[in-house]
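The structure that follows is given in the form of structure tokens.
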Amino acid sequence: MRSIVYSRTGDSSVLTAIERDLPQPGPGEVRIRVAVSGVNPTDWKARRGGTAVETLGEVTPNQDGAGIVDAVGDGVGSPGVGERVWIHLAQHERPTGTAQEYTVVPAERAVPLPDGIGFDLAASLGVPAMTAHRALTVHEDGPDRLSPGALAGRTVLVAGGAGAVGHAAIQLARWAGATVIATVSSDEKAALARAAGAHHTVDYRSEDTARRILEIAPGGVEHIVEVSPAANFALDTTVLANHGSIAFYADNGGGEATIAVVPAFAKNIRIQGLLMYTVGQRALTAAAEDITAALRDGALPVGEDAGLPLTWFTLDATGAAHDAVESGAVGKVLIDVSGDNR
Ligand SMILES: NC(=O)c1ccc[n+]([C@@H]2O[C@H](COP(=O)([O-])OP(=O)(O)OC[C@H]3O[C@@H](n4cnc5c(N)ncnc54)[C@H](OP(=O)(O)O)[C@@H]3O)[C@@H](O)[C@H]2O)c1
């Protein structure tokens, strides 16, 4: 089978295509014939400077993907052979990412797909949707699970609504009944955030962002999904309601953030970090279950009309796919591994 690998960190030129034997699933694992591999910032960051190659040796990149289970190891009840699945954390603490024709993952990282869900959508879920789910379920007084109505009566601010995580956060918050405000940096990104389901968009580069948000939500927003704490903690503190929460998941815009202490404690603000790799199985299982319910409701479409343009690459062009994500491609970058998904 064809596999993309790297055995030293560096730019995308460290990625090479090789032929290797089919991997066999061990106890508790499943083997998946990969249809589509999804690329996220974490994949190029790990390749460029992560520790995976030191601990794992030769690594096949990409955490997310989708395909069909074609073999299962001892003790696996679900998913079964022939089931269509979406894959998350394929390469977490193991060298078996999705940039290859077959991959082997622990069974709980391969989630059965409802009927009618395409592999393009399925490979877009993983990191973005699970991060968004966690970010929407860690607030004081808010629900720890998502379902229709779970966020009814709440206003959620999604920073960077045209990003991959931002897109998933808008869709899941909207599905759960929240009023959704998204910040964006251009008219084009505003159109994408609205297509994803945002009720309101605010251009943080050209508008008085705090004033606009407080015009929309005069009592403040209950919850914020934050991609750039360094740039936005001051804004967030200003627009949060009493007992509001910030869930932050990235360091875009800088690795140090400051917060105005008195306004933050006077509003009883809660600040919650999150990282998919360390959040724990309970949160991942909850996210997978709720995302499956949202998929059944048709709440997570992809493509330009749904606010997430897709950019496709071939398996042999995995390096170019990584470069596209690293240079800030808008929407979702996907690799058509089986060659029949575009
Ligand atoms: N903690 C975790 O487990 C976890 C999980 C997933 C992703 N991440 C990290 O999260 C980040 C985003 O991932 P992604 O896949 O969503 O990337 P992406 O698709 O490139 O989106 C990034 C978004 O951030 C927005 N942004 C940057 N600065 C902003 C600011 N000051 N205010 C508002 N929006 C701002 C950008 O919008 P503009 O261009 O319009 O500014 C862009 O839409 C990456 O750093 C990734 O490594 C972490």
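If you're wondering where the values come from, they're calculated on a predicted model, not measured in any experiment. Counting convention: from 1, in listed order, for ligands and their atoms alike.
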A162 heavy atoms within 4.0 Å reach ligand 1 at atoms 43 (O)

re atom 4 (C) of ligand 1, the protein heavy-atom contact at minimum distance is Y249 O, 3.6 Å

Would you say G163 has any N or O atom under 3.5 Å from an N or O of ligand 1, going by distance alone?
-> yes

Residue set satisfying side chain to side chain donor-acceptor pair (under 3.5 Å) with D336, at least two apart, ordered chain then number -> N341

Report task. Give yes if a backbone or side-chain nitrogen or oxygen of K45 is under 3.5 Å from a nitrogen or oxygen of ligand 1, and no if not. Result -> yes

- Would T42 and N40 count as having a side-chain donor-acceptor pair, cut-off 3.5 Å? no

Q. Does an N or O anywhere in G328 fall below 3.5 Å from an N or O of ligand 1?
A. no

Looking only at the side chains, is there a donor atom on one of D340 and S338 sitting less than 3.5 Å from an acceptor on the other?
yes

Here the pair of heavy atoms bringing A52 nearest to Y6 is CB-OH, 4.5 Å

Atom 26 (N) of ligand 1 has as its nearest protein heavy atom V227 CG1, 3.7 Å

Can you tell me if H322 and R47 form a side-chain donor-acceptor pair at under 3.5 Å?
yes

Does ligand 1 come near enough to A329 that some N or O of the ligand is less than 3.5 Å from an N or O of the residue?
no

Check: of K189, R205, K332, min heavy-atom distance to atom 39 (O) of ligand 1 comes from K189

Atom 17 (O) of ligand 1: closest protein heavy atom, distance to 0.1 Å, is P41 CG, 3.8 Å

shortest atom 40 (O) of ligand 1-to-protein heavy-atom contact is with S185 OG, 2.4 Å

Contact region, L275 to ligand 1, non-hydrogen atoms below 4.0 Å, reads both

**Asked** Taking atom types as modelled, is there a side-chain donor on S12 or D323 under 3.5 Å from an acceptor on the other?
**Response** yes

| said: If you define the side chain from C-beta out and look only at heavy atoms, does anything of H88 sit under 4.5 Å from V111? | reply: yes

### Message
For ligand 1 and T42, I'd like to know whether there is a polar contact (N/O to N/O, distance under 3.5 Å).
### Response
no

Atom 6 (C) of ligand 1: closest protein heavy atom, distance to 0.1 Å, is V127 CG1, 3.3 Å

For A250, the ligand 1 atoms with a heavy-atom partner under 4.0 Å come out as 9 (C), 10 (O), 11 (C), 45 (O)

(message) I'd like to know if the side chain of N252 pairs up with that of S228 as donor and acceptor (distance under 3.5 Å, no hydrogens or angles considered).
(response) no

Heavy-atom closest pair (T201 atom, A193 atom, distance to 0.1 Å) is CG2-CB, 3.8 Å

Margin query: Just so I know, are the side chains of L151 and E222 near enough to count as touching, which here means a heavy-atom distance under 4.5 Å?
Written below: no

Logged contact type for S228 with ligand 1, heavy-atom cut-off 4.0 Å, is side chain

A student comparing V202, N252, N232 should find that the heavy atom closest to atom 22 (C) of ligand 1 comes from N252

* Has ligand 1 got any nitrogen or oxygen that is less than 3.5 angstrom from a nitrogen or oxygen of A159? -> no

**OP:** Give the C-alpha distance, both sets of side-chain angles, the deciding distance and a yes or no for salt bridge (charged side-chain N to carboxylate O under 4.0 Å, His left out) between E101 and R2.
**Re:** CA-CA 6 Å; E101 290 175 314; R2 201 152 182 84; over 6 Å; no

shortest atom 7 (C) of ligand 1-to-protein heavy-atom contact is with V165 CG2, 3.8 Å

Looking only at protein heavy atoms, what sits closest to atom 3 (O) of ligand 1 is M276 N, 2.8 Å

Practice prompt. Answer yes if a protein heavy atom lies under 4.0 Å from atom 10 (O) of ligand 1, otherwise answer no.
Written response: yes

*Should T183 be counted as touching ligand 1, given the test is an N or O pair under 3.5 Å?*
no

- Query: Distance only, no hydrogens: is a donor on one side chain within 3.5 Å (strictly under) of an acceptor on the other, for T98 and T103?
  - Reply: no

Does ligand 1 come near enough to A231 that some N or O of the ligand is less than 3.5 Å from an N or O of the residue?
no

Nearest non-hydrogen protein atom to atom 41 (O) of ligand 1, with distance, is Y204 OH, 2.3 Å

| So, for atom 29 (C) of ligand 1, does the protein have a heavy atom nearer than 4.0 Å? | yes

Short version for Y277: what comes under 4.0 Å of ligand 1, heavy atoms counted, is neither

On a heavy-atom basis, the closest approach of L172 and A294 is CD2-CB, 4.1 Å

Do R134 and Y249 meet the cation-pi criteria used here (NZ or CZ under 6.0 Å from the six-membered ring centre, within 45° of the axis)?
no

Worksheet item: Side chains of M1 and P23: does their closest heavy-atom pair fall under 4.5 Å?
Response: yes

